[in-house]
Structures are given as structure tokens and as C-alpha cells.
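Below, chain A is the first sequence line, B the second, and so on; all start at residue 1.
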2 protein chains.
Amino acid sequence: MPTLTSAQRRAQARQEYDAFLAGCPSRQLLDRISDKWVTLILAALGDDDGSCGQVAGPARAMRYSELSRQLAGVSQKMLTQTLRALERDGLLTRTVTPTVPVTVRYELTDLGLSLHQAIRAIKSWAEEHMDEVIRSRETYDAHAT
Amino acid sequence: MPTLTSAQRRAQARQEYDAFLAGCPSRQLLDRISDKWVTLILAALGDDDGSCGQVAGPARAMRYSELSRQLAGVSQKMLTQTLRALERDGLLTRTVTPTVPVTVRYELTDLGLSLHQAIRAIKSWAEEHMDEVIRSRETYDAHAT
DNA sequence: ACAGGTACTCTCCACTGGGAAGTAGGCACC
DNA sequence: GGTGCCTACTTCCCAGTGGAGAGTACCTGT
């Protein structure tokens, strides 16, 4: 085989890279936090409100229905799925209390709390710079027209 | 209409929330950085290698093909799309030089660089705690079996 | 006995992102 | 001089992911 097409070369590179990717912990975490609902749940449980400074409250532990209400955009499927994933990763604990209707409480672990701190940094950035981003979008769109 | 079903109430809550959501800058940003490729491009351009401590290099500006190589997992479609979005948001600049085959250079703006700093915090967290997460997953899976 | 609440699960569907191939347009080799 | 290659994309098609909404199990109050 004399020459490889660029497509072939790219495919090969990707394969090597994927193999390397699978073994990279940081990348795995990135896939985890690159999930909209993960960050929102972290924010909701991490005492600061997850809803832009309105429904505040230092609620450290929350019930399924509370989370569902606070993150109103989430589908029940994704809420359950995401909570399970976070529990699996040791970021929160799930406690079932066999009360009248069962009560399930979700609470951040120390690990989850520490990740929440990192996410707060992103949130601060957003609050500080989001207006710049929005202005940039406006001028960009204006030029594009 | 005497009673609303819980489904109806939920639907209503979601609508109000969505309307409010649209006006929330932090949430908009969250949608932006909750994109796998956005963070990876930020990492690649932000001088520290985006590839787990291997292909290091303080390359501040990169060409399309360089990015494509370094983030080998990305499809060309998504790379283009993501770069355009980041340019629109004022996080990076796109410079076309009409050389023999056109050369396009992408470079972080100060704004992009500052976001990169925040993302580094997440990266540090990952490097510090990812082994705990992995261990948690293993024990969780073991119990589930 | 029947509506209601909690914490889910299930099914269907629309949209998103991936893969691969195509495009423009200029050089370069034969 | 035509075939082929380079970069930086765009386009098309398809599979997988997430959302909407209904269904489930179990108990309670009236």
C-alpha cells in the first residue's frame, strides 16, 4: 500500500488516540462534568441555590421531589439517571427512609462538596464575564448580517 | 377545573422555569461549557496540553489542522462548529492568512484565557480526586453484582 | 374505593453529534 | 495540461441520547 488517504490517516490517528483517551482519568471526569444536569445537581445540593440567585437556601440534603422542583427543567428519567451516576462516583449518598411514602434523601459527600467548590469557580467566572460574552455575540451577529 | 393533575402542575412549573432560565446568564454559560469539545479546545489552546500530560507545548495559537490532530477524537464538523461558537462568544480569535493553502490560526482572547484558568481548577480537581472516583465506581459495581 | 403523593420505570420520538465523502482553489509533479 | 494533493471546511446520512408523558407499586386519608 503506497499512499494512505487523509481519511485513512485520520481514522488511524483517532484509533490510537481513543485508546489513549480511555486510559486518561481527567478525560473521563470531563465527560462526567460535561453533563448539564450533573453540574446543576451539584449546584443545587451544594447549598447555594442552583437557580440563579432566587430560590436560595442552604439545603444540604434534598429529597427527590425537591430536586425535581428546583431543577424544574430536568426530566425524571435524567434526574434518576444522573443521581445514580453521581452516587456510583461517590459524589453523593442516597438514603432511603421507609416512611409513609418512601423518602429518599440525596446528600453530597466530601468528595462531591470539593468538586462543587471547583464548579463555583466557573460560576463566579460566569457572573463576572457573561455580559462580555453576550456583548460579543451581539456584535458578531450584527457583523454577520 | 377543580384539580390539576400532578403532571399538569409539573408542566406549568417547567414552563415558568424555562422562561426564567432563558434570561439567566450563568445558565447560558453552563450550556456552553457543558460541551465536551469547548473545554477540550480551551485546554488545547490554553498552553497546557489538552492531552493528559503528553503532547505538552506552550502553543498559544494553533491552526485548524493542529487542533484537529491534538483533539484527534473530534469530528471536523464539531471542531468547526465549536470554534465558530467560541469566536462568536469572544473567547478566541480566528485569523485567516492567504498563504499558499490558506492558513487559519485560532488564538484565545484574554476572556478565553480567563475562562481557561477556571477550567484548570476543574482539571486539578480531576487529577487529585479521580482515583477516588474510580475506586468508588469499582466498589459500587462490585456490590451491584 | 378512589384520588393523591412519592419515587421511580418504560416507551416513543425528535434532535444532536459522529463518520465519511464532497468542495474550492491554488500548487506541484509528471 | 491534467491528475492529484493540500487545507479548511460543508453536506448528507445514520445511530445514539435525552425529553415528554404515561404507567407502576405502595401506602394513606376520607
- Among residues 77-88 of chain B, which residues get a heavy atom nearer than 4.0 Å to DNA chain D?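 Lys77(B), Thr80(B), Arg84(B) - these, ordered by number, are the residues of the stretch whose heavy atoms sit under 4.0 Å from the strand.
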Length of the line joining [X]:[atom1] and [N]:[atom2], which is rounded to integer Å:
X        : N       : atom1 : atom2 : value
Asp31(A) : dG16(D) : CG    : P     : 17 Å
Leu71(B) : dG18(C) : CG    : C1'   : 15 Å
Gln76(A) : dT17(D) : CD    : P     : 21 Å
Leu67(A) : dC8(C)  : CG    : P     : 11 Å
Arg32(B) : dT16(C) : CZ    : C1'   : 15 Å

- Query: Applying salt bridge (Lys or Arg N to Asp or Glu O under 4.0 Å), which residue pairs with at least one partner in residues 85-106 of chain B are found, sequence neighbours left out?
  - Reply: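 Applying salt bridge (Lys or Arg N to Asp or Glu O under 4.0 Å) to every pair that reaches into residues 85-106 of chain B, excluding sequence neighbours, yields Arg137(A)-Asp89(B), Asp141(A)-Arg88(B), Arg32(B)-Asp89(B).
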- For residues 73-85 of chain A, which residue pairs qualify under salt bridge (Lys or Arg N to Asp or Glu O under 4.0 Å), counting only residues two or more places apart or in two chains?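 Of all non-adjacent pairs touching residues 73-85 of chain A, none passes salt bridge (Lys or Arg N to Asp or Glu O under 4.0 Å).
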- Partners meeting side chain to side chain donor-acceptor pair (under 3.5 Å) with Ser124(A) (sequence neighbours left out):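 If we apply the side chain to side chain donor-acceptor pair (under 3.5 Å) test to Ser124(A), skipping adjacent residues, there are no hits.
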- Can you list the residues that meet the side chain to side chain donor-acceptor pair (under 3.5 Å) rule with Glu107(B), with sequence neighbours excluded?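 With sequence neighbours excluded, Glu107(B) shows a side chain to side chain donor-acceptor pair (under 3.5 Å) to no residue whatsoever.
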- Item | Asp131(B): salt bridge (charged side-chain N to carboxylate O under 4.0 Å, His left out) partners, not counting sequence neighbours |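 So Asp131(B) forms a salt bridge (charged side-chain N to carboxylate O under 4.0 Å, His left out) with Arg135(B).
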- Message: Using heavy-atom distances to pick each residue's nearest nucleotide on DNA chain D, tell me which of Pro101(A) and Asp35(A) is more 5'.
- Response: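 In this pair, the answer is Asp35(A).
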- Task: For residues Leu67(A) and Leu79(A), determine if any side-chain heavy atom of one lies less than 4.5 Å from a side-chain heavy atom of the other.
- Result: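 Answer yes - side chains close enough.
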[N], OP1 or OP2 - any side-chain N/O from [X] closer than 4.0 Å?
X         : N       : value
Arg94(A)  : dC8(C)  : yes
Arg63(B)  : dA8(D)  : yes
Trp37(A)  : dG19(D) : yes
Tyr106(B) : dC9(D)  : yes
Thr103(B) : dT7(D)  : no
Ser75(A)  : dG21(D) : no

- Query: Side chains of Tyr106(B) and Thr95(B): donor-acceptor distance under 3.5 Å anywhere?
  - Reply: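 No donor-acceptor contact under 3.5 Å links the two side chains.
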